[in-house]
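Below is one structure, written out as structure tokens; the observations come after it.
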Amino acid sequence: MQPVETADRIGELKRMFRGRPLSTLDSGGRDNNYNLLRMAAAVAVIVTHSYALSGRSASEPLRAAYPDQELTIARLGVMVFFVISGYLVTKSFVSRGSVAQFVEARVLRIYPALIAAVLVSLAIGAWASPLPLESFLAHKQVTRYFLVNTTMLHYQVEFFLPEVFWDLPNRIVNGSLWTLPSEVRMYVFVGLLGVLGLLKTRLLFLMALLGLGGLCLSNPALASRLVGTTYLAVYFAAGAFCFLFRTALPISTPLMALFSLLAIAASGTPFFRPGVHIAVVYGTFWFAYVPGGILRSYNRIGDYSYGTYIYAWPVQQLILTNSPGVTPLPLAAFATLATLPFAIASWHLLEHPVLRLKGRTWISRMAGTRGRLMAMILARKNR
């Protein structure tokens, strides 16, 4: 082979692996597969929960294949959720440049649907509990369940209601909510980093990230209160990192294949879990932007992932109540189909209409009033 041909082939390989920077693929609109990817992640969570709720956790496919790796299908789904959230939430703050608008957007996205899901869980609990309705509603555990789970200000959620699902392998009413306190804390940290100007440059962001990471490693108890579940914070931080470094992050199919093969090849070694994490993080952005065609049409349907995530667990518990011998895969299939009406209603009747209120809530009005007052004060000083 001639030297010129060799150089040409090497150059072609470099171009293949170089791909396109993430910043050029992210056009800022809806021309991506995030909705589809989040929905797939929500279904992945349902699959693993079906094993856990039916009392067959040990036979969950990834848990059984890699018993020492703390790896499940749901964990991969949650990883995707938090990587996407880290990327898009950081992008939200940087693009808005307003703390009030950022807070407003986060509150509208999380809390209305969450409050509705908690109320539905309470209704299910009232139906499933053998206690009389008056005794059930007067129980302090019901009050705590509502207050803790609708605010997410505590570092844990309230899992139980009085005598609800006590005859099932797992008594938790809605275990899916456990990730939301960490999610809310990540929003707070993004807001704080933004206010302090630490999202303006990569160097400042890295310094902040290293500082928080060092604090978490040195004091795990404090870390759990600051960021919630530490590994969820790591996934979120990975998404934020990808946003800040989007101009330097190449997205290409050969690189996606390479990371996947390296993760598979590392099976049975200490590099397996890091390899899987890298492959999933990179794969999240590859799937979000590279595959096109008919996949992009899913965006016209709506974003049913959040509703699917927060309603699936109690739906699964209801199925188990009526069919206690159901096995995991049929349970996952039935639960997905039964949860979809809740998710569709949540998106079209609550989530989407509420999101249209951005810029028109009391948060925006207060920020606007404050801005006008500051402008008047500055104008008077400059006279």
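Note that these values count all heavy atoms, side chains included, but never hydrogens, waters or copies made by symmetry.
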- Task: Classify the ring geometry between Tyr87 and Phe285 as parallel (under 30°), tilted (30 to 60°) or perpendicular (over 60°).
- Result: tilted

- Query: Taking all non-hydrogen atoms of both residues, which atom of Ser54 and which atom of Pro169 are closest, and how far apart?
  - Reply: C-CG, 4.2 Å

- Task: Take Leu199 and Leu204 through the test side chain to side chain contact (heavy atoms under 4.5 Å, CB included) and record every step on the way to the result.
- Result: CA-CA 7 Å; Leu199 297 178; Leu204 290 174; over 6 Å; no

- Answer with yes or no whether the hydrophobic clustering places Ile264 together with Phe259; edges join I, L, V, M, F, W, Y residues whose side-chain heavy atoms lie under 4.5 Å apart. no

- Item | Residue pair Ile172 / Trp178, side-chain heavy-atom distance below 4.5 Å | no

- Item | Exercise: do His348 and Tyr304 side chains pair donor with acceptor under 3.5 Å | yes

- Item | Check: Phe271 main-chain N/O paired with Thr269 side-chain donor or acceptor under 3.5 Å | yes

- Task: State plainly whether the residues Glu351 and Arg109 are in salt-bridge range, i.e. N to O under 4.0 Å.
- Result: yes

- Which atom names give the shortest non-hydrogen contact between Ala332 and Ile46, and what distance separates them? O-CG2, 3.8 Å

- Same apolar cluster: Leu212 and Tyr231, side chain cutoff 4.5 Å: yes

- Phe136 side chain near Val164 side chain, heavy-atom distance below 4.5 Å: yes

- Item | Euclidean distance, Leu232 CG relative to Arg75 CZ, rounded to 0.5 Å | 8.0 Å

- Task: Could you please spell out the steps behind the side chain to side chain contact (heavy atoms under 4.5 Å, CB included) verdict for Gln156 and Val148?
- Result: CA-CA 8 Å; Gln156 289 182 339; Val148 171; over 6 Å; no

- Task: Might you point out which heavy atoms bring Gly283 and Met256 nearest each other, and give the distance in Å?
- Result: CA-SD, 3.2 Å

- Message: To the nearest 0.5 Å, what is the distance between CH2 on Trp286 and CD1 on Ile251?
- Response: 10.5 Å

- Task: Would you check if Leu114 and Thr150 make a side-chain contact, meaning some heavy-atom pair closer than 4.5 Å?
- Result: no

- Query: Would you say Phe334 has more than 12 foreign heavy atoms packed within less than 6.0 Å of its CZ?
  - Reply: no

- Note on the structure: Shortest non-hydrogen pair, Ser346 vs Ala113, comes out as OG-CB, 4.0 Å

- Item | Neighbour count above 12 (heavy atom, 6.0 Å) for Ile294 CD1 | no

- Query: So, do Arg144 and Leu147 sit near enough that their side-chain heavy atoms are less than 4.5 Å apart?
  - Reply: no

Under 3.5 Å, which donor-acceptor pairs link side chains of residues 179-191 to any protein atom two or more places apart or in another chain?
residue	atom	partner	partner atom	Å
Thr179	OG1	Tyr309	OH	2.9
Ser182	OG	Thr229	N	2.9
Glu183	OE2	Ser85	OG	2.5
Glu183	OE2	Tyr187	OH	2.6
Arg185	NE	Arg225	O	3.1
Arg185	NH1	His154	O	3.4
Arg185	NH1	Pro181	O	3.3
Arg185	NH2	Leu153	O	3.4

- Got Thr308 and Met39 here, is their nearest side-chain heavy-atom distance under 4.5 Å? yes

- Would you say the side chains of Arg296 and Asn299 form a donor-acceptor pair under 3.5 Å? no

- Message: So that I can tick it off, tell me whether Asp303 and Arg38 are bridged by a salt bridge, with the cut-off set at under 4.0 angstrom between side-chain N and carboxylate O.
- Response: yes

- Message: Can you tell whether the side chains of Lys358 and Glu104 come within less than 4.0 Å, N to carboxylate O?
- Response: no

- Report yes if the side chains of Trp347 and Leu355 come closer than 4.5 Å at any heavy-atom pair, otherwise no. yes

- Item | hydrophobic_cluster_shared for Val118 and Trp127, side chain cutoff 4.5 Å | yes

- Hey, what do you get for CD1 (Ile319) to OG (Ser50), rounding to the nearest 0.5 Å? 8.0 Å

- Message: Between Glu60 and Thr72, do the side chains contain a donor N or O and an acceptor N or O under 3.5 Å apart?
- Response: no

- Query: Minimum heavy-atom separation for Ala52 to Ser57, with atom names?
  - Reply: CA-OG, 3.2 Å

- Message: Assigning hydrophobic clusters by single linkage (Ile, Leu, Val, Met, Phe, Trp, Tyr; side-chain heavy-atom cutoff under 4.5 Å), is Ile278 placed with Val83?
- Response: yes

- Query: Roughly how far, to the nearest 0.5 Å, is CG of Leu161 from CG of Asn174?
  - Reply: 10.0 Å

- Task: Check whether any side-chain heavy atom of His139 sits under 4.5 Å from a side-chain heavy atom of Glu163, and report yes or no.
- Result: no

- Query: Has the side chain of Ser129 got a donor or acceptor atom that lies under 3.5 Å from a matching backbone atom of Ala126?
  - Reply: no

- Query: Is the Tyr235-Phe82 ring centre distance short of 6.0 angstrom?
  - Reply: no

- Query: Could you give the distance from CG (Asn149) to CD1 (Ile310), rounded to the nearest 0.5 Å?
  - Reply: 11.5 Å

- Query: Just checking, any donor-acceptor pair under 3.5 angstrom between side chains of Tyr289 and Asp31?
  - Reply: no

- Query: Shortest non-hydrogen contact from Ala128 to Phe165?
  - Reply: CB-CE2, 4.2 Å

- Message: If hydrophobic clusters are built from ILVMFWY residues whose side chains come within less than 4.5 Å, do Leu137 and Phe160 share one?
- Response: yes

- To the nearest 0.5 Å, tell me how far Phe272 CZ sits from Asp68 CG. 11.5 Å

- Could you check if a side-chain atom of Leu168 sits within less than 4.5 angstrom of a side-chain atom of Leu53, using non-hydrogen atoms only? no

- Task: Evaluate the ring planes of Phe205 and Phe241, with Trp represented by its six-membered ring, and classify them as parallel (under 30°), tilted (30 to 60°) or perpendicular (over 60°).
- Result: tilted

- Any donor and acceptor pair, going by atom type alone, linking the side chain of Thr24 with main-chain N or O of Arg20 inside 3.5 Å? no

